[in-house]
Number of protein chains: 2
Amino acid sequence: MSKRVIVIGAVALGPKAASRFKRLDPSAEVTMLDRHTYISFGGCGIPYYISAEVDSLDALRATPYGTVRTPEFFRDRKGITVRNRTEALSIDRQAHTVRVRDLQSGAEEDLPYDKLVIATGSTPKMPPVEGRDLGNVFGVTTLENARDVREACASGKVRNAVIIGGGFIGLEVCVALADMWGIHTSVVEFMPQILSGVLSPNLAAMAEHDLRSHKVDVFTSEKVLRVEGENGVARRVVTDKRTLDADLVIFATGFAPNTELARKAGLDIDPASKAILVNEFMQTSDPDIYAGGDCVATPNLITGKPFCLALGSLANRQGRVIGTNLAADQPVATFRGAVGSWGVKLFGLSLCGTGLTEDRARAAGFDAISAGIEQMDRAHFYPEKHMMSLEVTVDRATRRVLGLQGACEAGDALKARIDAAATMLQFGQPTVDDLANAEVVYAPPFASALDTINAVANAADNVLAGRMKPVSGRAFAELWEKRAENNVYFIDSRPAAAAKALAAKHPGEWHAVPLEEVDECLADIPRDRPVAAVCNTGLRSYEVNLHLRRNGIDNVISVQGGMQSLLKQGKEIR
Amino acid sequence: MSKRVIVIGAVALGPKAASRFKRLDPSAEVTMLDRHTYISFGGCGIPYYISAEVDSLDALRATPYGTVRTPEFFRDRKGITVRNRTEALSIDRQAHTVRVRDLQSGAEEDLPYDKLVIATGSTPKMPPVEGRDLGNVFGVTTLENARDVREACASGKVRNAVIIGGGFIGLEVCVALADMWGIHTSVVEFMPQILSGVLSPNLAAMAEHDLRSHKVDVFTSEKVLRVEGENGVARRVVTDKRTLDADLVIFATGFAPNTELARKAGLDIDPASKAILVNEFMQTSDPDIYAGGDCVATPNLITGKPFCLALGSLANRQGRVIGTNLAADQPVATFRGAVGSWGVKLFGLSLCGTGLTEDRARAAGFDAISAGIEQMDRAHFYPEKHMMSLEVTVDRATRRVLGLQGACEAGDALKARIDAAATMLQFGQPTVDDLANAEVVYAPPFASALDTINAVANAADNVLAGRMKPVSGRAFAELWEKRAENNVYFIDSRPAAAAKALAAKHPGEWHAVPLEEVDECLADIPRDRPVAAVCNTGLRSYEVNLHLRRNGIDNVISVQGGMQSLLKQGKEIR
């Protein structure tokens, strides 16, 4: 008898698992259910549909060769039965049936299965804010949302938009609205920075500067209290600090895994992430039921604890594993876990990361430090190049690399560095020394002889060895701003012309100590005050710092990434 | 007493080792010797100086912050004594001295050392070809070469150039001459393809097409017999197949490690690579003598055997390890080995790779197969994107990934994929399944949900499982060309319009079998002939192939990368 498989959810993981399984076992009966009308779409493409860079909604539903993935496509081309607008109500694990309701007719029935796949995805978290049901207030997870938002933009009536939530999707939609539609857009983020949890405060300051320099207002540490409307349509967003005009309001406040069905069926749920627990074969606590994608908890290979990662890429990879296992007598394909790799392109700047930030690493129990650099992505003599910011998180005692994040105008070049670290993190417990010696593609159009990933590891090595006490560009800017309140002695190790010009503007506060003249300057540097050394990228100040230490001036901090780091944050010292 | 260290060779590894050591041990006495005038330069930048993209030779000798690295720079800024134009003649290991000769005065003396670093690099291999001493015949490894070649180009008298050797440097110089100076350039390569040993024949055909479509002549399997001149200056290159006009001739025929000094001192040499043997601390067989860079044999982490890798990046990383060990009582820093990662940018196309090609893997004793794809580097709905070719080498029995190479117009995007694989290869023995599940940065501006590295692993999985018998675009083009001599039945699985249009042009030879109509076509497909299925990128032909196999048509080959692969090789079927 042919195997009967039911797949609940037909967006990303569901179709992947179903198609892979059906290719391996063409005689099987596969039924895929979904509550919605549209199935099998690239939800990650929604911001690019909103911006009109992607022309039609169909493009998000199409195969790479242009066929739209309708229920008929799955029937005719894959031999898979799709029942859209059909809700799975409950699972009877004993009877091996799923109770379903046709959302158009209301009819209910029980569908039998041999193996079941739960691919119910996630639902946007909508904070209980008054006014969220007003017109022109949207989430951005369904194609219907996407259509509505783009229609609102195209109407020409939206002058001000407010995005609630400075995470990936919020920022992508922000760029779509501001850059492509010319709408004045504000981002309101509850946490003290955007991209909280995945990006260090220093790199987040660069991301925020990129937004602000493209006329986006960014309000962090700010709570949305309510949306106010007129005639049933949004007009204002009121936060705990201000009122913002808003003809369009987007909620992008994260996702919660859809686990109700699994929970009701008594399947194990991870108490921390509140997502479905699966083993390495992607089986739930019931071996006849697989689950994957946004609704499951994936082992974090760095912390060892499960976490939720709502990414279409993860769903695709897990879907293939499930498809393979559905076709085997005993599950064979495994999915070991993930480290949390991500990327987002803003206006000029791309941000990418993998693994843990310093803050997250500390929260996970590591004695973490971080080190950062600013270095060109290519050989410094090569004509086209971009300054790349990288920051590595390291466990102090074991020297283990826990994460790497960065910011660069060249997104692909940044992805290259993050991906090199991401795969290392997945296949071992690399140390700073491994990253320092990591061998990657080198030629002047691709990298400098010491790749940025090697350089950032060397910076971490210097920090761990106590040869350098780092301070981020962001923290340094704050020290300079509050120089009246602290006792810091600021020294500038850039070449004499630059250093002396700035010192002349701030007599007695800013001191030129060019690397070439450090010996002559030694006598002037006080030994009873903390010294902060800065140069253009951090290389010269590191050497000056070594020289000072050798001469008994120990209380020295060096600015990681130097003036370049400040520049990227819009915090130049003038 | 302060430690005395002598470094022989002051180009890449030498200065890195010396500077790192001196930073860690400022009291040490470090002397760096070099036969040449110019020291510490970025030799990899020579093609970009020749093209005038890099303005001055000084730019190749400068730090990222613009200081030219002269002997005085090392003296004043690093406390390192540099003796350029000074040759190391011999090493007396017992006495711990190096015999040196000042090349200007001819004076000789013995310099004592506690630790010695051999950083003698490599010398271009010049085949014993008549006429190689004529005017306008150059190598391209020294700054003097670079200056001479650029002067020749700038003279306006060079109409035709011949590059002997289709390796990295030969091709980079070829692009410089043809693209930036408009010189008609030919590449003559002794092997059957350019980039032999690092690139598969299929990807090499793409590289050659990129050159040819920019008016470069490429002659492979061709041997240079002599250079002919007039009035002492080159005029022609005579090969075993033709005579080429040549006002400028460049020899780029590889490198040999400079080991004479080490050999005379009785240090162990690797018999296969003929380079100096070092341990993981970069010590030679004499623990007081370190060596690194082009002159040493580095363990290949895939084959387990030492190999030579003449790359400035490797030299930099090894140099830092040596610097660290020089400063320690007992060596502490290690360099485990390399996998062979490389990149080269031609006109429109970049090529990158890591690990072994299928041919190299077989030569190393693996039962290797390869699998290839053509897939967009970004989400297929994202506006800016490039078709990426990737090819993975896999050991059949163990499923171990042995190498990955690719071709793409987006060089950084390609580097990202190769680097992700490169670091995996360094930190374990990843399988096809590991690569299929590798987690890398995903968002539509960076990748499609199934990254190209995941997709190429899935293709390899299908080949290993016997679900697909692949044929490269290059081999398919040959089958089609020789269709009168073989019995292959050609089927086109693209959408009906494209497939039928082409079939109409080649009645009885080319058969439209659109994926959507495969059932209707089944009866027409012969069961006694080999079938070759092609589509646009390989996805549809894979599915048609599965369908045929299920219907008893087993003798099917699928074109990896489909028509896109042919297109990139200039071999469209029209």
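We name chains A, B, ... by the order of the sequence lines, and we start the count at 1 in each one.
- Contact annotation for B:R467: only side-chain heavy atoms (C-beta onward) come within less than 4.5 Å of a heavy atom of chain A.
- At a 4.5 Å heavy-atom cutoff, the contact between A:R23 and chain B is made by backbone and side-chain atoms alike.
- Only the side chain of A:L539 has a heavy atom closer than 4.5 Å to any heavy atom of chain B.
- For A:E53, the parts lying under 4.5 angstrom from a heavy atom of chain B are both the backbone and the side chain.
- Aromatic ring centres of A:Y382 and B:Y48 lie closer together than 6.0 Å.
- Contact annotation for A:D519: neither backbone nor side-chain heavy atoms come within less than 4.5 Å of a heavy atom of chain B.
- Panel note: side chain A:T423, backbone B:A420; a donor-acceptor pair is recorded below 3.5 Å.
- Residue B:T537: no heavy atom, backbone or side chain, is found under 4.5 Å from chain A.
- Interface remark: of the candidates B:V339, B:L546, B:T354, B:T334, B:V339 forms the most heavy-atom pairs closer than 4.5 Å to chain A.
- Between chain A and the residues B:N316, B:L24, B:N437, B:V54, the largest count of heavy-atom pairs under 4.5 Å involves B:N437.
- For B:I169, no part sits under 4.5 Å from any heavy atom of chain A, backbone or side chain.
- Heavy-atom neighbours of A:Q429 CD from other residues, nucleotides or ligands within 6.0 Å: at or below the threshold of 12.
- Annotation for B:K345 and A:F446: closest pair N-CE1, 4.0 Å, computed over non-hydrogen atoms.
- For A:K385, no part sits under 4.5 Å from any heavy atom of chain B, backbone or side chain.
- Side-chain atoms of A:D419 come within 3.5 Å of backbone N or O of B:V441 as a donor-acceptor pair.
- Within a 6.0 Å radius of CG in A:D55, no more than 12 heavy atoms belonging to other residues, nucleotides or ligands are found.
- For A:R20, the part lying near chain B is the side chain, with the backbone staying farther off; criterion is any non-hydrogen pair under 4.5 Å.
- Within the 4.5 Å cutoff, no side-chain heavy atoms of A:L450 are placed close to those of B:S313.
- Contact detail for A:C44 and B:P444: the closest heavy-atom pair is O-CG, 3.3 Å.
- Top candidate by heavy-atom pairs under 4.5 Å with chain B, chosen from A:P64, A:A465, A:A379, is A:P64.
- Among all heavy-atom pairs drawn from A:A436 and B:R317, the shortest one is O-CD, 3.5 Å.
- Between A:D451 and B:K415, at least one side-chain nitrogen of the basic residue sits less than 4.0 Å from a carboxylate oxygen of the acidic one, meeting the salt-bridge criterion.
- Residues B:E439 and A:L301 form no side-chain contact, since every pair of their non-hydrogen atoms from C-beta on lies 4.5 Å or further apart.
- Among B:S448, B:G42, B:G340, the residue making the largest number of heavy-atom pairs under 4.5 Å with chain A is B:G340.
- Most heavy-atom pairs under 4.5 Å with chain B: of the set A:A413, A:G428, A:P47, A:A421, this distinction falls to A:A413.
- Between chain A and the residues B:R378, B:E384, B:H547, B:R336, the most heavy-atom pairs under 4.5 angstrom are made by B:R378.
- Within the 4.5 angstrom heavy-atom criterion, no atom of A:D58 approaches chain B.
- Contacts of A:F73 with chain B are absent, with no heavy-atom separation under 4.5 Å from either backbone or side chain.
- Here the shortest heavy-atom pairing between A:E172 and B:A443 reads OE2-CB, 4.2 Å.
- Contact of B:A447 with chain A is made through the side chain alone, with heavy-atom distances under 4.5 Å.
- In terms of heavy-atom pairs under 4.5 Å with chain A, the best-connected choice from B:D377, B:D433, B:L60 is B:L60.
- Checked by atom type and distance alone, the side chain of B:Q426 never pairs as donor or acceptor with a backbone atom of A:A438 at under 3.5 Å.
- Proximity of a side-chain donor or acceptor of B:H380 to a complementary backbone N or O of A:G66 within less than 3.5 Å is not detected.
- The minimum heavy-atom distance between B:F381 and A:A59, with the atom names listed, is CB-O, 4.0 Å.
- With respect to chain B, the highest number of heavy-atom pairs below 4.5 Å among A:E543, A:R320, A:R77 belongs to A:R320.
- If you tally non-hydrogen atom pairs under 4.5 Å between each of B:V518, B:N536, B:V344 and chain A, the highest count goes to B:V344.
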